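Take a look at the structure below.
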Amino acid sequence: MDPKAFFKLSYGVYIVSSSTDGKDGGCVINTMTQVTSSPARISIALNKNNFTLKLIETSGTFSGVVLAEAVEMDMIKRFGFQSGREASKYEDIPMGRDSLYNPYPTENVCSRFTCRVISSLDVGTHVLIIGEVVEAQVMDGTAQPLTYANYHLKKNGTTPPNAPSYQETTEKTVGYRCSVCGYILESDTLPDDFICPVCGKDASYFSKL
Ligand SMILES: Cc1cc2nc3c(=O)[nH]c(=O)nc-3n(C[C@H](O)[C@H](O)[C@H](O)COP(=O)(O)O)c2cc1C
């Protein structure tokens with residue numbers, strides 16, 4: 001099996017969110033897909049360790065936004081490289097709330113959806129959730145959606161271990177990998193004061209390849 005074959009799959013970049021017991025949360029995903037149109041249904045794949053999965057399983061609802069090309073890496077860091085168990089991800093950012101009380105970011109968002117969970121499937125490391133769309137709204141009709149390819153190409157984005165598209169390095173690379181965001185420092189040495197340029201974690205989060 002050639003692992004590079006998987007790099008040819010195309011995706012977008014999204015934030016899915018939910019709220020339970022007064023706690024808002026959400027995470028970046030690349031696995032939001034429309035599966036049927038009538039009725040409109042969307043699937044998402046969430047890692048079992050993700051706090052967002054717990055929120056969605058408890059509330060039975062979620063929001064999903066399509067991120068625009070202009071989205072700042074800070075937003076990706078906020079929602080994709082830290083967990084809602086430790087961080088209040090919606091603190092101090094522009095946000096809205098849908099009719100099912102799910103929070104959603106409003107800046108650099110092309111469109112948004114509100115879904116009720118109708119089914120879920122345990123697929124090993126992840127849970128595949130099917131949501132029935134109860135609201136859909138274009139937030140910015142001119143903004144271009146960020147593709148997963150451009151996230152890597154234009155934003156130097158990385159894929160953290162919890163994403164389904166994450167792959168262990170198969171080529172012989174000399175260096176150190178950040179355990180939070182997957183960034184690889186190609187170097188024989190890791191300076192003690194090194195800070196990850198993608199997610200901002202310190203050298204203690206790196207392990208030798
Ligand atoms: C570009 C990108 C794509 C990602 N795709 C997924 C995904 O499809 N499914 C998933 O479970 N996690 C995905 N992640 C990882 C989660 O966003 C990350 O583990 C997050 O910290 C989980 O936060 P939570 O614990 O608050 O839910 C992705 C992250 C990035 C940056």
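Atoms within each ligand, like the ligands themselves, are counted from 1 in listed order. This chain uses plain numbering: 1 for the first residue, then up along the sequence. Everything numeric here is computed off the predicted structure, so don't read it as measured data. Excluded from the calculations below are hydrogen atoms, water molecules and symmetry mates; all remaining heavy atoms, backbone and side chain alike, are included.
For the residue pair Ser19/Tyr90, the side-chain donor-acceptor check at 3.5 Å is not satisfied. If you check the side chains of Thr52 and Asn50, you find no donor sitting under 3.5 Å from an acceptor. Counted by atom type alone, Ser165 and Tyr148 present one or more donor-acceptor pairs between their side chains at under 3.5 Å. Looking at Thr114 and Tyr104, their side chains never bring a donor and an acceptor atom within 3.5 Å of each other.
Using a 4.0 Å cut-off between charged side-chain N and carboxylate O, Glu69 and Lys155 make no salt bridge.
No part of Cys181 comes within 4.0 Å of ligand 1, judged by heavy-atom distances. When non-hydrogen atoms are compared, ligand 1 lies under 4.0 Å from the backbone of Gln82 (N, CA, C, O) but not from its side chain. Only the side chain of Tyr151 comes within 4.0 Å of ligand 1, judged by heavy-atom distances.
Using a distance-only test at 3.5 Å, with no hydrogens or angles considered, no donor-acceptor pair links the side chain of Lys89 to the main chain of Ser83. The main-chain N or O of Lys23 is never found under 3.5 Å from a side-chain atom of Asp21 such that the two would form a donor-acceptor pair. Side-chain N or O atoms of Asn150 include none that pairs as donor or acceptor with a backbone N or O of Lys154 at under 3.5 Å. Side-chain N or O atoms of His126 include none that pairs as donor or acceptor with a backbone N or O of Leu46 at under 3.5 Å. Looking at Lys201, its side chain never comes within 3.5 Å of a backbone N or O of Cys196 through a donor-acceptor pair. A donor-acceptor pair under 3.5 Å is absent between the side-chain atoms of Thr33 and the main chain of Val35, judged by distance alone. Between the side chain of Glu135 and the backbone N or O of Ser99, at least one donor-acceptor pair lies under 3.5 Å.
On a distance-only criterion, Thr158 and ligand 1 share no N/O pair closer than 3.5 Å. For Tyr148, no nitrogen or oxygen atom sits less than 3.5 Å from a nitrogen or oxygen atom of ligand 1, counting backbone and side chain alike. For ligand 1, one of its N or O atoms has an N or O atom of Asn50 under 3.5 Å away. Taking only nitrogen or oxygen atoms, main chain and side chain alike, Arg85 does not reach within less than 3.5 Å of ligand 1. Polar contact check, Ile76 against ligand 1: no nitrogen or oxygen pair lies under 3.5 Å apart. An N or O contact shorter than 3.5 Å links Val28 to ligand 1 by distance. Residue contacts with ligand 1: Ala45 is placed with a nitrogen or oxygen under 3.5 Å of a nitrogen or oxygen of the ligand (distance criterion only).
Using 4.0 Å as the threshold, Gly25 has no heavy atom nearer than that to any atom of ligand 1. At a 4.0 Å cut-off, not a single heavy atom of Lys54 sits close enough to ligand 1 to count as contact. For the pair Leu46 and ligand 1, a heavy-atom separation below 4.0 Å is found. Not close to ligand 1: Gly157, with no non-hydrogen atom less than 4.0 angstrom away.
Environment of CG in Asp74: crowded, with over 12 heavy atoms of neighbouring residues, nucleotides or ligands closer than 6.0 Å. Within a 6.0 Å radius of CZ in Arg116, no more than 12 heavy atoms belonging to other residues, nucleotides or ligands are found.
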Kindly determine whether Glu72 and Lys77 satisfy salt bridge (charged side-chain N to carboxylate O under 4.0 Å, His left out), including the steps that lead there.
CA-CA 9 Å; Glu72 305 274 347; Lys77 281 183 206 172; over 6 Å; no
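For atom 19 (O) of ligand 1, the nearest non-hydrogen atom from the set Val180, Thr159, Asn162 belongs to Asn162.
For ligand 1, the atoms lying closer than 4.0 Å to a non-hydrogen atom of Cys27 are 17 (O), 20 (C), 22 (C), 23 (O), 27 (O). Residue Lys89 approaches ligand 1 through these ligand atoms, each under 4.0 Å from one of its heavy atoms: 23 (O), 24 (P), 26 (O). If you number the atoms of ligand 1 from 1 as listed, the ones under 4.0 Å from a heavy atom of Gly84 come out as 24 (P), 25 (O), 26 (O). Near Thr31, meaning under 4.0 Å from any of its heavy atoms, are these atoms of ligand 1: 7 (C), 8 (O).
Taking atom 27 (O) of ligand 1 as the reference point, the nearest protein heavy-atom neighbour is Thr52 OG1, 2.6 Å. Nearest to atom 29 (C) of ligand 1 among the protein's heavy atoms is Pro160 CG, 3.4 Å. Considering only non-hydrogen protein atoms, atom 18 (C) of ligand 1 sits nearest to Gly80 O, 3.2 Å. Asn47 N, 2.7 Å is the protein heavy atom nearest to atom 11 (O) of ligand 1. Looking from atom 7 (C) of ligand 1 to the surrounding protein, the closest heavy atom is Pro164 CD, 3.2 Å. The closest protein non-hydrogen atom to atom 25 (O) of ligand 1 is Ser83 OG, 2.7 Å. In terms of protein heavy-atom proximity, atom 5 (N) of ligand 1 is nearest to Asn30 OD1, 2.9 Å.
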